[in-house]
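What follows is a short report on a single structure.
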Amino acid sequence: MLSFLVWVLLLMVCWPIALLALLIYPVVWLLLLPFRLLGIGVDAVFNLLKAIVMLPARVLGQQPGR
């Protein structure tokens with residue numbers, strides 16, 4: 001919501017830059033998409049490693065965070 005309000009303010013102040021930002025936003029989103037997917041994959045690997053390391057404690061009956 002805040003980004004929309006900033007865009008509306010930019011539209012009132014300088015409409016050519018606001019329209020340019022509106023056109024460039026999807027391109028930037030597409031360029032950043034592989035990095036977002038890579039971040040999801042790295043997070044999944046770290047969660048898997050944490051689950052493997054914590055497995056002996058869970059088998060012995062200890063609760064995580066206690």
Side-chain angles (χ1 to χ4, degrees):
M1 185 68 179
L2 181 63
S3 61
F4 176 71
L5 292 176
V6 170
W7 182 81
V8 169
L9 180 67
L10 184 63
L11 183 65
M12 285 188 241
V13 173
C14 184
W15 64 269
I17 294 177
L19 292 178
L20 183 67
L22 194 63
L23 293 174
I24 288 179
Y25 178 77
V27 175
V28 171
W29 187 85
L30 283 174
L31 287 174
L32 294 178
L33 189 60
F35 297 109
R36 199 169 293 148
L37 293 174
L38 181 67
I40 292 170
V42 169
D43 187 46
V45 168
F46 281 137
N47 284 335
L48 177 66
L49 290 174
K50 180 182 174 188
I52 290 171
V53 169
M54 297 299 290
L55 183 62
R58 293 187 63 152
V59 168
L60 293 175
Q62 293 184 356
Q63 298 294 325
R66 283 181 113 187

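Nothing here was measured: the structure is a model prediction, and the numbers come from that model. We're numbering straight along the sequence, starting at 1.
A chain of hydrophobic side-chain contacts below 4.5 Å, direct or via other Ile, Leu, Val, Met, Phe, Trp or Tyr residues, connects Y25 to L30. F4 and L10 are not part of a single hydrophobic cluster, where members link through side-chain heavy atoms under 4.5 Å apart. Note on L22: it clusters hydrophobically with M12, by side-chain heavy-atom contacts below 4.5 Å among ILVMFWY residues. The same ILVMFWY cluster, assembled from side-chain heavy atoms under 4.5 Å apart, contains both L19 and V8. Each of L23 and W29 belongs to its own hydrophobic cluster when Ile, Leu, Val, Met, Phe, Trp and Tyr are linked at side-chain heavy-atom distances under 4.5 angstrom.
Applying the side chain to side chain contact (heavy atoms under 4.5 Å, CB included) rule to F46 yields the partners V42, L49; only residues at least two apart in sequence or on another chain are considered.
In this structure, CG on D43 lies 8.5 Å from CD1 on I40, to the nearest 0.5 angstrom. Expressed to the nearest 0.5 Å, how far CG of L32 lies from CG of L38 amounts to 12.5 Å.
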